[in-house]
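To keep things clear, I will list the structure first and then write my remarks on it.
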Protein chains: 2
Amino acid sequence: MTMDKADGDVSLESSARVELDLNQFLPYQLNRLADRISQALEKLYAESYELNIAQWRVLAWLSHCDDLTAKKVCAYTNMDKARVSRAIQSLEDRGLISRTPSQQDQRLHDLQLTDAGQALLNKLVPEAQAWEAGLVSTLSVGEYRDLLNTMRKLERQLERIG
Amino acid sequence: MTMDKADGDVSLESSARVELDLNQFLPYQLNRLADRISQALEKLYAESYELNIAQWRVLAWLSHCDDLTAKKVCAYTNMDKARVSRAIQSLEDRGLISRTPSQQDQRLHDLQLTDAGQALLNKLVPEAQAWEAGLVSTLSVGEYRDLLNTMRKLERQLERIG
DNA sequence: GACATTTAGTTTCATTAGAAACTATCCTTC
DNA sequence: GAAGGATAGTTTCTAATGAAACTAAATGTC
C-alpha cells in the first residue's frame, strides 16, 4: 500500500487514479481459467449425458465414495444444500442413483449408484479424464505437480485468512 | 485409458467400476479454489460497497482501460452481454460510471469512470490488493510466478483444444 | 441508393440458484 | 421423558442468469 506514483502527491486524494491490473490479479485470473475449463467440460457431460454441473459432481463423488449423503456432497463440493437436494432428486428420478434412509439416523439418506449410474460413469469418466489429460498435456510432470501443490497452499491460506 | 485393475478383466464391461478421484482432477480443484476465492473477495466489494461481481469487474476494467465498451467487457471477462448490460446500467444509475455514444459508431457506448466511481475504486482497489497479497503471502515469489505462468499455459492449451 | 446482413446493446422470458421457512428426526438437559 | 435446541433435507419464494427476440445503427451487395 505504498504510493509509487511519480507525480509528487504526498497523500491519497480522491482524484488520484488507483488502477487495478486484472491481468496481474490472481482472483480474476483463476476465476476466468476455472470458468473456461468448466464451460469446456460441460460440453462433455451436458451435451452427451444431459447432466448439469451439480448432477455431474454428485455422480463423480459417488464414484469413489461408498457412504455418501447430501450433507457430505455439500461439504465436498461447496454447493448449496438446496442445489444438492435438487441434483440428487433428478438423478434419482432418472434412475442413476438410489437413496436409502440410514439405519442409524433416519434423517440421513445414503446415496449409491445404480447399475445404470455406474454404466453412465463408465463411459463418461474416461472421456473426462482424457479431456483433462489433453488439457494438462501442455505441462511437464513437475509443473503439474507444482500447480496442484500451489493450489493446496492457497486453499490452506484461504482457510487461515477467511 | 489403460486397464489397470488387477482383477483380470480383459474388457470393460458395464459392471466394471470406473472411478474418478476429484481430488486429482484439475478442473474440479481449480473450480473449487476459484469459487472460494471469489466468495471471500465478494465480501469486500459486496458488503462494503454493494457491488456484485459483474459490477466489480466492469469497474476494475475501467480503472485501467481508457476506451472501454460493453462489448470489450464481454470479451475481457467472458461474461454474457445481458449481464454486462445490466451491470453497466446499474453502475450508471448509481453515478459511478458514465456512457457516451461513440462518435465513429453510434452503436458503441464509451464507458468512463465518474469522479465518484474513481473515488470508490481508490478505496476499494487497495483493499482488494491487500487481500490478494495476504492470500499469496503463503507463496514464494517463484511459486507465484510459476503459478501465473502455468495458468497462462493452460489458457493457451484451452484455446487449442476447444 | 435500396435491401439484406452484421453488430452493439437492450429487453423479454424461462430457468436456475440461493435465502429463508419448513418438516422430520435426533440429541441434550432438566 | 418432556422441552428446547440442533441437524438433514425439502420446499417456497425471490433475485439473478442466460437464451433468444428485439432495436438501432453500421456495413456490404447489387
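Keep in mind that the numbers below use all heavy atoms, side chains included, and drop hydrogens, waters and symmetry copies. Since the model is a prediction, treat every value here as computed from it, not as a measurement. Chain letters run A, B, ... following the sequence lines, proteins first, then strands; residues in each count from 1.
The separation between A/I53 atom CD1 and D/dG18 atom P is 13 Å, rounded to whole Å. When the P atom of D/dG18 is taken as reference, atom CG of A/D35 falls 9 Å away, rounded to whole Å. When rounded to the nearest whole Å, the span between CG of A/N52 and P of C/dA17 equals 6 Å. One can place CZ of A/R83 at 13 Å from P of D/dT17, the figure rounded to the nearest angstrom. Atom-to-atom, CG of B/L111 to P of C/dA8 comes out at 14 Å; the value is rounded to the nearest Å. Rounded to whole Å, atom P of D/dT10 lies 14 Å from atom NZ of A/K71. The nearest whole Å value for the distance from the CZ atom in A/R86 to the C1' atom in C/dA17 is 6 Å. Here D/dA16 presents its P atom at 15 Å from CE of B/M79, a figure rounded to the nearest Å.
For NZ of A/K71, the number of neighbouring non-hydrogen atoms (other residues, nucleotides, ligands) closer than 6.0 Å is 12 at most.
Under 4.0 angstrom from either OP1 or OP2 of D/dT11 there lies at least one side-chain N or O belonging to A/Q89. For A/S85, a side-chain nitrogen or oxygen approaches OP1 or OP2 of D/dT10 to under 4.0 Å. OP1 or OP2 of C/dT10 sits under 4.0 Å from a side-chain N or O of B/R99. Phosphate proximity of D/dG9 to A/K81: absent, as no side-chain N or O sits under 4.0 Å from OP1 or OP2.
Here CG of B/N78 is found 10.0 Å from CZ of B/R83. Values are rounded to the nearest 0.5 Å. The CD atom of A/Q24 sits 11.0 Å away from atom CD of B/Q129, with the distance rounded to the nearest 0.5 Å.
The side chain of A/L108 has D/dA8 as its nearest neighbour among D/dT17, C/dG9, D/dA8. Minimum atom distance to the side chain of A/R107 is reached by D/dA6, of the listed C/dG18, C/dT6, D/dA6. Picking from D/dG9, C/dG9, D/dT12 the nucleotide with the shortest atom distance to the side chain of B/A70 gives C/dG9.
Of all heavy-atom pairs between A/K153 and B/E143, the closest is NZ-OE2, 2.7 Å. Across all non-hydrogen atoms, the minimal contact from B/I88 to B/A70 is CD1-CB, 3.7 Å.
Note on B/A82: a base of the nucleic acid sits closer than 4.0 angstrom, heavy atoms only.
Where A/Q103 and A/D80 meet DNA chain C, the nucleotide closest to each residue was compared, and A/D80 sits on the side nearer the 5' end.
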